[in-house]
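Order of the sequence lines sets the chain letters (A, B, ...), proteins ahead of strands, with each chain counted from 1.
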Amino acid sequence: MAEERGKQVVKNESGEQKVRSQRKGRMSAAGIVTYALLGVWALVVLFPFYWMILTSIKSYSAYNGEYIPKLYTLSPTLQNYADAFTAVPLGRYLCNTLLFTVLTTFIMLAVIVLAAFAFARLEFRGKNAVFVLFLSMMMIPNELVVITNFITVTNLDLRNTFAGLILPSVTSVFYLYLLKENFEQIPDNLYYAAKVDGTSDLRYLFRVMIPIARPTLVTVTILKVIECWNSYVWPRLITDDADYFLVSNGIQEIRENGFGRENIPAMMAAVVVISAPLIVLFLLFRDKVMEGVSRGGTKG
Amino acid sequence: MDGKSVNGSLKGWLYLLPALLFLGVFMVYPLVDVFVYSFEEGYNSASQTYFGVGTYNYAYVLRDPYFLQAVKNTFLLVVITVPLSTGIALLISVGLHSIGPLRRFLQTVYFLPYVTNTLAVGMVFMILFKKTPYSDGFINLLITWFGGEGVDFIDGPYWAKMFVLCLYTVWVVMPFKILILTSALASVDPAYYKAARVDGTSKLRMFVRITLPMISPMIFYLVITGFIGAFKAYSDVVALFGTNLNAAGMNTIVGYVYDMLYGDSGGYPSYASAAAIILFAIVFTITCINLLVSGSRLRR
Amino acid sequence: MEVTLKGLTKKFPGRDRKNRSEVTAVDHMTLAIPDGQLLALLGPSGCGKSTVLNLISGLLAPTEGKIFFGEDDVTELPPEKRGIGLVFQNYALYPHLTVRQNILFPLENLKGKEKLTREEMLRKADEAAKLVQIESLMDRKPAELSGGQQQRVAIARALVKRPRVLLLDEPLSNLDARLRIQTREEIRRIQRETKITTVFVTHDQEEAMSISDLIVVMKEGVVQQIGRPQEVYDSPENLFVAKFLGTPPINVFEGQVRGHRLYIGEDAVLQANVPDAPVYVGVRPEGFLMCETGALSCRLNRVEVTGRDVSVVSENAAAVSRTVRSLIGAENGGEAVSGREGGEIRFDLVPRKVFLFDRETERRIFLEES
């Protein structure tokens, strides 16, 4: 999961600005081609979203009546949304996912904050050796450890429990690494000043380091939330009771057994409901998300 | 400063404890265990017994037609999507970099697939491409408009299914690549362009001789992470073709691992382990080759 | 509070891969700082002066030796129990807290009997702020302040707990020249008002001379001289101290004592009632008197007029750095020589501005009054 991540160059907005302003002026042929290319890709990206929303507000009969699908609808309906929540336990899936996301992210933050503090601030025997071990774990793909984790969790009787879902998802060496790097940038003198004033390590961590490292913590939180919300493989392995399904599994379940294969509009309504929270989150924290991802994230 | 005392050591380990626990139980131990499993012949997950130790699991997996199909699918997917997505991303990023108006808006739009649930949007792709008794689907509508012959991309011929899979994969991985490349482009010092313009360098030559070499580390980074990511394709395949991938003939190596572990054909952790280790070996080898190639290129 | 250091020694394990032998940063330092005085630890970078400060603060534990605050042996006490205030070169203000929160921070750590009510804390913070004159900045963040203001906040934060000892680690080095002079006077004023025993680390001899009651000159972990600033300047105990103090720096010549006469080159410049020996001769720039019949002959290079004085730069073969810089009061006709560049110029030397040092040990050879 983590080997596909690396540090990125920070954006240089002011630099672009200059080059851009010099190019302004009349629209050249190259400009038209550029906009056309960009426009086509924007269409490719947006069209599935449009189709998803469009289909979700077409009535069941209207949708199935269109042998040739229409690009618009004149009689929008919200019935499909009602169906999505009543015919299948979509609300439950959403609640499960929310709970899973919040708990996993929270526990992960607690774990990595403490560990990053130890690595960045404390001196103890064996520290470097352990850190190298942690780093080497970034190279290990999830697929390799999932098998044993599946058996471990099964043996512990944790299948179809939140503990089984959450605990193996907590480890995030990469985020720990990001945070440790950030902690290390805080000048040592702040720590010594605090020591002289009689500040305990824990108080220093909470009153000084965490507030200063807040931007990184926000980034890590957003990335982890995205990861949790979209996680599919582990929840699928570990839950077969629909009471514990997350949205990804829920949607697969809906597709295969839910509305019957034909109630596509209701399915699309469910898809909209599932996709919306992250899109809203993204639009609210656009710069944070993009900066965070470019500092070290890939999908999956 | 002076923490090398026993007390300080203990404190450091205490802060690390949660991280060590999670890492030990869910990463280090499984990593060892997966090798053990892969060499235990005839392992029975119910009784947790096995007959002997050897390489039979590997031999079995390597002869399994489903595995060979999965390997073929995965390799095809990798070979097609990695160059394609990197190339298109480069084009789009260069386009984005050269425009003023709409740039921020387009960046936002292009990033959307990153924050959407792969399973959910995969469903939209499925209905766009699927041919049912009630409707040919939107894509087939387009094809017939242009005078082509409609085809079922989801349950139809192999090439059609592979086409949708590649398209969806490209759609999914694009945001990350565009983001990385646009920030790489933005970080090229505009002074180089100014100097080149003073020398009367043509735009194409500027791109080939200045821009490309400057951002080549990022391109290699994307190729490497792209290879790794594509080799681990799974959830987007499930989104398009459902969970029974073997039946659809569209399984991937990761899919094979999970199917062996769990699901209708599951219960064989030893085979799953062997397949996972083979996957890891492939990814590892290819990454090393990539690094060697990029290393020698960059040195030149 | 009198601070006493007794045989204080700090050794660090060798960091080098090749050279693992220990590095002695502070070597058997013994020193008493009288109550209420401001002591400057002066020396070039790497001389161990910051280590001494860290030992006094308790951030470092000494390898050997003891530290006393008054009668209390504080050697084993952790920093927070020593009752010290510490100010850093880069201020070390918490960037996410306002000035007020920064000053309150040490007070909030107090526990048990010492615990203060919120009102008391705020009152103390206001007092400290008033002392360093930053009352109007209390709600700003450190990033919104100038360097000088930030340093005042840092001092206020160090003073708010009424420490027994105030430690300042190169507090002025990050400020520009003008602010540096202003802030050092400010530190002097605050120190006088609070009467807190203060240790001030600096590599800038002018700074040390101008504000301290006592100067300790250090080199490679060893104390070279302790004394009042003027004493140290007027009577350096060795060549290092002589060279380290004073701007422009002292002029050093290779000289000879022969038959109770001091020779620089072939010029007999002074009486010297010491045994014959090769020596180093240190002459302060203000120790030259321009004079047609002067004893020391040099070749004039150039004349620099800096307003207050005229500095005459000339060459002498026996000078260690080839050039000789002398300060001549403008009224003493310094300008008269301008235009004679390249020609000969002669000086008489002022005996109390001339110091002799042993060639081998570089120790001072004291001239007996003749």
A.B. asks: Quick one: what part of B:Y234 sits under 4.5 Å from any heavy atom of chain A, side chain, backbone, both or neither?
C.D. replies: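 Side chain only.
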A.B. asks: Using the ring of each side chain (for Trp, its six-membered ring), is B:F125 parallel, tilted or perpendicular to B:F129, with breaks at 30° and 60°?
C.D. replies: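 Ring orientation of B:F125 relative to B:F129: parallel.
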A.B. asks: Under a 4.5 Å heavy-atom cut-off, does chain A meet the side chain of B:T243, its backbone, both or neither?
C.D. replies: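 Both backbone and side chain.
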A.B. asks: Quick check for you: among A:L133, A:V272, A:N149, A:T34, which has the greatest number of heavy-atom pairs under 4.5 Å with chain B?
C.D. replies: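 That would be A:N149.
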A.B. asks: Relative to chain A, which segment of B:Y37 carries a heavy atom at a distance below 4.5 Å: side chain, backbone, both, or neither?
C.D. replies: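 Side chain of B:Y37 only, per the 4.5 Å heavy-atom cut-off to chain A.
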A.B. asks: Classify the angle between the aromatic ring planes of A:F119 and A:F134 as parallel (below 30°), tilted (30 to 60°) or perpendicular (above 60°).
C.D. replies: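 Taking A:F134 first and then A:F119, their aromatic rings stand perpendicular (interplane angle over 60°).
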A.B. asks: With a 4.5 angstrom heavy-atom cut-off, is it the side chain or the backbone of A:L283 that approaches chain B, or both, or neither?
C.D. replies: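 Side chain only.
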A.B. asks: Search all heavy atoms of A:Q252 against all heavy atoms of B:G242 and return the closest pair with its distance.
C.D. replies: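 Scanning both residues, the minimum pair turns out to be NE2-CA, 3.6 Å.
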A.B. asks: Contact part of B:A239 toward chain A, heavy-atom cut-off under 4.5 Å: side chain, backbone, both or neither?
C.D. replies: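 Interface part for B:A239: backbone (N, CA, C, O).
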A.B. asks: With a 4.5 angstrom heavy-atom cut-off, could you sort out which part of A:T152 is near chain B: side chain, backbone, both or neither?
C.D. replies: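 Contact with chain B is through the side chain of A:T152 alone.
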A.B. asks: Report the option among B:V34, B:T108, B:L21 that has the most heavy-atom pairs separated by less than 4.5 Å from atoms of chain A.
C.D. replies: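 Winner by heavy-atom pair count: B:T108.
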A.B. asks: A:L281 versus chain B, heavy atoms under 4.5 Å apart: side chain, backbone, both or neither?
C.D. replies: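 Looking at A:L281, nothing touches chain B.
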A.B. asks: Under 6.0 Å from the CZ atom of B:F284, do we count more than 12 heavy atoms belonging to anything else shown?
C.D. replies: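 Open.
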A.B. asks: Side chain from CB out, backbone as N, CA, C, O: work out which of these in B:I178 comes under 4.5 Å of a heavy atom of chain A, or both, or neither.
C.D. replies: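 For B:I178, side-chain heavy atoms alone lie under 4.5 Å from chain A.
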A.B. asks: State, to 0.1 Å, how close B:A276 and A:E143 come at their nearest heavy-atom pair, and which atoms those are.
C.D. replies: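 Here B:A276 and A:E143 meet closest at CB-O, 4.0 Å.
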A.B. asks: Check B:D155 with B:K131, please: is the shortest side-chain N to carboxylate O separation under 4.0 Å?
C.D. replies: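 Salt bridge absent between B:K131 and B:D155.
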A.B. asks: Contact part of A:L176 toward chain B, heavy-atom cut-off under 4.5 Å: side chain, backbone, both or neither?
C.D. replies: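 No part of A:L176 comes within 4.5 Å of chain B.
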A.B. asks: Which atoms of A:T55 are under 4.5 Å from chain B, going by heavy atoms: the side chain, the backbone, both sets, or neither?
C.D. replies: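 The side chain, not the backbone.
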A.B. asks: Please flag which part of A:L38 lies under 4.5 Å from any non-hydrogen atom of chain B: side chain, backbone, both or neither.
C.D. replies: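 Answer is both: backbone and side chain atoms of A:L38 are under 4.5 Å from chain B.
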A.B. asks: Measuring heavy-atom distances to chain A, does B:L91 have an atom under 4.5 Å in its side chain, in its backbone, in both, or in neither?
C.D. replies: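 Both the backbone and the side chain of B:L91 come within 4.5 Å of chain A.
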A.B. asks: Checking B:I253 against chain A: side chain, backbone, both or neither under 4.5 Å from a heavy atom?
C.D. replies: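 Interface part for B:I253: neither.
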A.B. asks: Given that the side chain runs from C-beta out, which part of B:L106 has a heavy atom under 4.5 Å from chain A: side chain, backbone, both or neither?
C.D. replies: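 Contact with chain A is through the side chain of B:L106 alone.
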A.B. asks: Between A:M52 and chain B, with a heavy-atom cut-off of 4.5 Å, which part of the residue counts as in contact: side chain, backbone, both or neither?
C.D. replies: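 Both parts, heavy atoms under 4.5 Å.
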A.B. asks: Flag the pair B:F26 / A:V145 as yes when at least one side-chain heavy-atom distance between them is below 4.5 Å, and no otherwise.
C.D. replies: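 No. Closest side-chain heavy atoms not under 4.5 Å.
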A.B. asks: Could B:K194 and B:D189 be called an ion pair, given the rule that one side-chain N must be under 4.0 Å from one carboxylate O?
C.D. replies: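 Not counted as a salt bridge, because no side-chain N and carboxylate O are separated by less than 4.0 Å.
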A.B. asks: Test the A:R121-A:Y191 pair against the cation-pi criterion, namely NZ or CZ under 6.0 angstrom from the six-membered ring centroid and within 45° of the ring axis.
C.D. replies: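 Cation-pi check for A:R121 and A:Y191: passes.
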A.B. asks: Between the main-chain N or O of B:P30 and the side-chain N or O of A:T148, is there a donor-acceptor pair closer than 3.5 Å?
C.D. replies: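 Such a contact is found between A:T148 side chain and B:P30 backbone.
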A.B. asks: Whether the side chain of B:S235 engages the backbone of A:Y232 through a donor-acceptor N/O pair (distance < 3.5 Å, no angle test) should be reported.
C.D. replies: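 A pair under 3.5 Å: no.
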A.B. asks: Fit a plane to each ring of A:F49 and B:W171, take the angle between them on a 0 to 90° scale, and name the class: parallel (under 30°), tilted (30 to 60°) or perpendicular (over 60°).
C.D. replies: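 Because their plane-to-plane angle lies in the 30° to 60° range, the rings of A:F49 and B:W171 count as tilted.
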A.B. asks: Please check: side-chain N/O of B:Y192 versus main-chain N/O of B:T211, any donor-acceptor pairing under 3.5 Å?
C.D. replies: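 Flag not set: sc B:Y192 to bb B:T211 has no pair under 3.5 Å.
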A.B. asks: Taking every non-hydrogen pair under 4.5 Å, which of A:I147, A:I112, A:I226, A:V271 racks up the most with chain B?
C.D. replies: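 Top option by heavy-atom pairs under 4.5 Å: A:I147.
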A.B. asks: For B:V109, which atoms come within 4.5 Å of any heavy atom of chain A: side chain, backbone, both, or neither?
C.D. replies: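 Contact with chain A involves both backbone and side-chain atoms of B:V109.
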A.B. asks: Tell me, side chain or backbone of A:I274 under 4.5 Å from chain B's heavy atoms, or both, or neither?
C.D. replies: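 It is the side chain, since no backbone atom gets that close.
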A.B. asks: Which answer fits B:V238, side chain, backbone, both or neither, if we ask what part of it has an atom under 4.5 Å from a heavy atom of chain A?
C.D. replies: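 Answer is both: backbone and side chain atoms of B:V238 are under 4.5 Å from chain A.
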A.B. asks: Is it the case that the side chain of B:T116 and the backbone of B:V121 share a donor-acceptor pair, with hydrogens and angles ignored and the cut-off at 3.5 Å?
C.D. replies: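 Checking the backbone N and O of B:V121 against the side chain of B:T116, no donor-acceptor pair under 3.5 Å is found.
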A.B. asks: Please flag which part of A:V45 lies under 4.5 Å from any non-hydrogen atom of chain B: side chain, backbone, both or neither.
C.D. replies: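 Both parts, heavy atoms under 4.5 Å.
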A.B. asks: Give a yes or no answer on whether the side chain of B:Y114 reaches the backbone of A:M290 with a donor-acceptor pair at less than 3.5 Å.
C.D. replies: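 Side chain of B:Y114 to backbone of A:M290: no pair is present.
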A.B. asks: Check each atom of B:L23 against the heavy atoms of chain A and say whether the ones under 4.5 Å are side chain, backbone, both or neither.
C.D. replies: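 Both backbone and side chain.
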A.B. asks: Could you check whether any side-chain N or O of A:R159 sits under 3.5 Å from a backbone N or O of A:F150, counting only pairs where one atom can act as donor and the other as acceptor?
C.D. replies: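 The answer is no, because no donor-acceptor pair under 3.5 Å joins these two groups.
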A.B. asks: With a 4.5 angstrom heavy-atom cut-off, which part of A:V130 approaches chain B: side chain, backbone, both or neither?
C.D. replies: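 Contact with chain B involves the side chain of A:V130 alone.
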A.B. asks: Look at A:S275, A:A276, A:P168 and state which one has the largest set of heavy-atom pairs under 4.5 Å with chain B.
C.D. replies: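 Top option by heavy-atom pairs under 4.5 Å: A:P168.
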A.B. asks: At a heavy-atom separation under 4.5 Å, does A:V173 approach chain B through its side chain, its backbone, both, or neither?
C.D. replies: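 Only the side chain of A:V173 comes within 4.5 Å of chain B.
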A.B. asks: Between A:A115, A:A116, A:P48, A:S231, which shows the greatest number of heavy-atom pairs under 4.5 Å with chain B?
C.D. replies: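 Of A:A115, A:A116, A:P48, A:S231, A:P48 has the most heavy-atom pairs under 4.5 Å with chain B.
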A.B. asks: By a 4.5 Å heavy-atom criterion (distance strictly below it), what part of A:D201 contacts chain B: side chain, backbone, both, or neither?
C.D. replies: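 Both backbone and side chain.
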